[in-house]
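Read the structure below first, then the notes.
Just so you know, ligand 1 is whichever comes first in the structure, and atom 1 is the first atom listed for that ligand. From a predicted model like this one, the values you see are computed outputs, not experimental measurements. Worth knowing before you read on, the calculation uses all heavy atoms, side chains too, and leaves out hydrogens, waters and symmetry mates.
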Amino acid sequence: MLKRAREIVKHWKWYHICGGIATMSVLQVSTLWVLSKSYHWFFAAEEEKQRRFLERYGRPTEAQRQEAYSWMAPDYDQGVGLLESGVADKFRQEVFQGASGEVLEVAVGTGRCFSVLDAAEVTKYVGVDVNEAMLTEVRKKLPERPFKAEVVRASGERLPFEDGSFDTVIGSLCLCALENPAKGLEEMVRVCKPQGKVLLLETGVAYLTVARWGQRHLGLVPNPTHEWEFGYRDDLDILELLEACSGLVVDQVRARGMGNWYLIWARSE
Ligand SMILES: C[S@@+](CC[C@H](N)C(=O)[O-])C[C@H]1O[C@@H](n2cnc3c(N)ncnc32)[C@H](O)[C@@H]1O
């Protein structure tokens, strides 16, 4: 059998190989086409509903997104707890365990990074959020922290701190929640000490171009109701944002999930 196969291969010509590659390509493209068509057929009603939603409501304004956060705040932990276990919680562990020294967290929410920070080498902690309802929730958790901790009401786009104030600046689902994420990232870099750490966990469009294209083509991202429900957008181009930020040195980016979760290790120049 093996001998026979060797015999065949020995007589292969370049046009046999080209023919093989062409046949495989046609088969793969046709399979993708059939899958995509059947997907759109199966979810036609849902897609139509989403299209009508977008046409009627568009994207939420900053005030409407803040309203969503105020609404979610009292039972935010209960609501997202199960959803985030094994996903966001695991990613937070991976990226924020390296936080050290005096730490600033931007868009702290209800303080979902505390379980990681408590075990890290944090000496002092300041959390910032613009939403009072979220701050009410996180304040309840401050006395249990093993480090000196306080929270401040402020916008991540205009941080009330001097340049180079913190050893580590972190953000978890932070840039995707800001109206102007580029400004927010600039601010994080500004208040970080030179060579200090900027650690981020974000969601956005998929890391790989092909996955990005697929998700857009299937109408998975952006989901028009996502921002209304959860306050943060799901179609931020994280890599573009990192690249455009002056003074930020990106050491490592790891994509997780379907490539829509970004774990970022960076530092201020
Ligand atoms: C998706 S939640 C994430 C909360 C938390 N970091 C976490 O990982 O669970 C986004 C948070 O961003 C806050 N936020 C939205 N716009 C903000 C702004 N301009 N400045 C500061 N915080 C903001 C919201 O109030 C909310 O608490």
Under a 4.0 Å N-O cut-off, is there an ion pair linking Arg112 with Asp77?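 Result for this pair is yes, salt bridge flagged.
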According to ring-ring contact (aromatic ring centres under 6.0 Å, His included), does anything in residues 194-215 pair up with another residue at least two apart or in another chain? List the pairs. Trp213-His217
Gln78 atom CD: more than 12 heavy-atom contacts under 6.0 Å: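 Result for CD/Gln78: open.
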Which pairs, with at least one residue in residues 191-203 and sequence neighbours excluded, count as a salt bridge (charged side-chain N to carboxylate O under 4.0 Å, His left out)?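 Sorted result for residues 191-203: Asp167-Lys193.
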What residues come within 4.0 Å of ligand 1, counting heavy atoms only? Gln66, Tyr69, Tyr76, Arg92, Glu105, Ala107, Val108, Gly109, Arg112, Asp129, Val130, Asn131, Met134, Ala154, Ser155, Gly156, Ser172, Leu173, Ala177, Leu178, Tyr232
Ring centre gap for Phe114 and Tyr125 strictly below 6.0 Å: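 Ring centroids of Phe114 and Tyr125 are less than 6.0 Å from each other.
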Tell me, which pairs form a side-chain hydrogen bond (donor to acceptor under 3.5 Å, both in side chains) where one or both residues lie in residues 11-28, sequence neighbours left out?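 Those involving residues 11-28 do not exist here.
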